[in-house]
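One structure is given here, and the rest of the page talks about it.
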Amino acid sequence: MENLIIGCDHGGFNLKNKIIEHLKEKRYTVEDIGTYSTESCDYPIIAKKLAQKISDGVYNKGILVCGTGLGMSIVANKFKGVRAVTCTDTCSARMSRSHNDANVLCLGERITGEYLALDIVDIWLSSEFSGGRHQRRVDMFEN
Ligand code: RB5
């Protein structure tokens, strides 16, 4: 089973814990880089820490949770090789893997309920990149 990295700010703390619990039941190994409470903190610090590890190839995939899933993706996408997507539905989750080879999933605890969020996580993790013409387009992201 794939190793994953996950992070959150205070706005995503509860959902992050639910996701970790869910992934551990499915036998994933998950590195949790915090934050570790609902005390207010700055999401860019967490997003940068996770995105750097994706960019460096330490992990192939990561999950970031904040209030909306928006700030995390904006920050993560500044890192070379990071393709972060905010998903609020399962179709976008599947397509972000299939067409965009997304490697960071961003979720918003204040936007998406727990059951849907866990479905999004499952679908995102199990969907494969289609390659082919999509690989050519993904290759254009940074060149
Ligand atoms: C924190 O209040 C909130 O701004 C953060 O969790 C996130 O939604 C940012 O995009």
Side-chain angles (χ1 to χ4, degrees), residues 1-131 134-135 137-143:
M1 199 57 91
E2 203 170 357
N3 289 345
L4 302 170
I5 182 168
I6 191 165
C8 70
D9 73 350
H10 55 288
F13 176 70
N14 294 306
L15 180 57
K16 181 195 71 175
N17 287 341
K18 297 287 183 191
I19 294 169
I20 292 172
E21 197 180 310
H22 178 74
L23 291 175
K24 285 189 172 167
E25 277 169 16
K26 290 180 171 277
R27 305 273 176 256
Y28 282 93
T29 301
V30 187
E31 184 188 351
D32 178 5
I33 59 162
T35 188
Y36 302 110
S37 78
T38 53
E39 188 180 329
S40 183
C41 67
D42 298 325
Y43 64 83
I45 294 170
I46 297 291
K48 286 180 179 180
K49 195 171 167 186
L50 185 143
Q52 187 66 61
K53 289 202 180 195
I54 298 288
S55 187
D56 291 345
V58 179
Y59 290 94
N60 292 324
K61 284 190 195 133
I63 299 174
L64 286 166
V65 192
C66 62
T68 59
L70 299 175
M72 289 292 202
S73 62
I74 293 169
V75 176
N77 275 320
K78 294 189 178 296
F79 286 71
K80 186 171 173 53
V82 171
R83 295 176 295 279
V85 287
T86 305
C87 292
T88 56
D89 67 278
T90 52
C91 182
S92 300
R94 181 179 298 105
M95 296 310 290
S96 77
R97 289 284 313 126
S98 173
H99 284 197
N100 315 117
D101 199 16
N103 52 14
V104 176
L105 173 65
C106 301
L107 294 164
E109 180 180 323
R110 297 171 185 160
I111 306 294
T112 306
E114 178 190 330
Y115 280 25
L116 176 56
L118 295 181
D119 253 8
I120 289 171
V121 167
D122 285 346
I123 287 168
W124 189 76
L125 287 174
S126 62
S127 299
E128 297 293 333
F129 179 47
S130 296
H134 300 295
Q135 181 65 64
R137 292 165 186 163
V138 167
D139 287 344
M140 292 175 180
F141 289 5
E142 305 200 40
N143 299 314

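Positions are given from 1, in the same order as the sequence printed here. A quick note: this is a predicted structure, and the numbers were derived from the prediction, not measured. In each ligand, atom 1 is the first atom listed, and ligand 1 is the first ligand listed.
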Go through ligand 1 atom by atom and flag the ones less than 4.0 Å from a non-hydrogen atom of [X].
| X | answer |
| --- | --- |
| Arg110 | 1 (C), 2 (O), 3 (C) |
| His10 | 1 (C), 2 (O) |
| Gly67 | 5 (C), 6 (O), 7 (C), 8 (O) |
| Gly71 | 9 (C), 10 (O) |

If we count only N and O atoms by modelled type, under 3.5 Å, do the side chains of Glu21 and Asn17 hold a donor and an acceptor together?
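Checked: Glu21/Asn17 side chains show no N/O donor-acceptor pair below 3.5 Å.
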
Please write down residue, atom name and distance for the protein heavy atom closest to atom 9 (C) of ligand 1.
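Minimum-distance protein heavy atom for atom 9 (C) of ligand 1 reads Tyr43 CE2, 3.5 Å.
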
What is the nearest protein non-hydrogen atom to atom 7 (C) of ligand 1, stated with its residue, atom name and distance?
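Protein heavy atom at minimum distance: Cys66 SG, 3.4 Å.
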
Test applied, side-chain contact (heavy atoms from CB on, under 4.5 Å); reference residue, Glu109; option that passes from Asp9, Asn14, Thr68, Ile19
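It is Asn14, the one option of Asp9, Asn14, Thr68, Ile19 that forms the side-chain contact (heavy atoms from CB on, under 4.5 Å) with Glu109.
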
Hey, can you pull the donor-acceptor pairs under 3.5 Å for the side chains in residues 33-43, sequence neighbours left out?
| residue | atom | partner | partner atom | Å |
| --- | --- | --- | --- | --- |
| Tyr36 | OH | Asp32 | O | 2.6 |
| Tyr36 | OH | Gly34 | N | 3.2 |
| Ser37 | OG | Glu39 | N | 3.1 |

Which residue pairs pass the salt bridge (charged side-chain N to carboxylate O under 4.0 Å, His left out) test with at least one member in residues 62-78, sequence neighbours excluded?
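Of all non-adjacent pairs touching residues 62-78, none passes salt bridge (charged side-chain N to carboxylate O under 4.0 Å, His left out).
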
May I ask you to test the Ser130-Ser98 pair for a side-chain heavy-atom distance under 4.5 Å?
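When only atoms from C-beta onward are counted, Ser98 and Ser130 do touch, with a gap below 4.5 Å.
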
Counting only heavy atoms, which portion of Asp9 has something under 4.0 Å from ligand 1: side chain, backbone, both, or neither?
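The answer is the side chain.
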
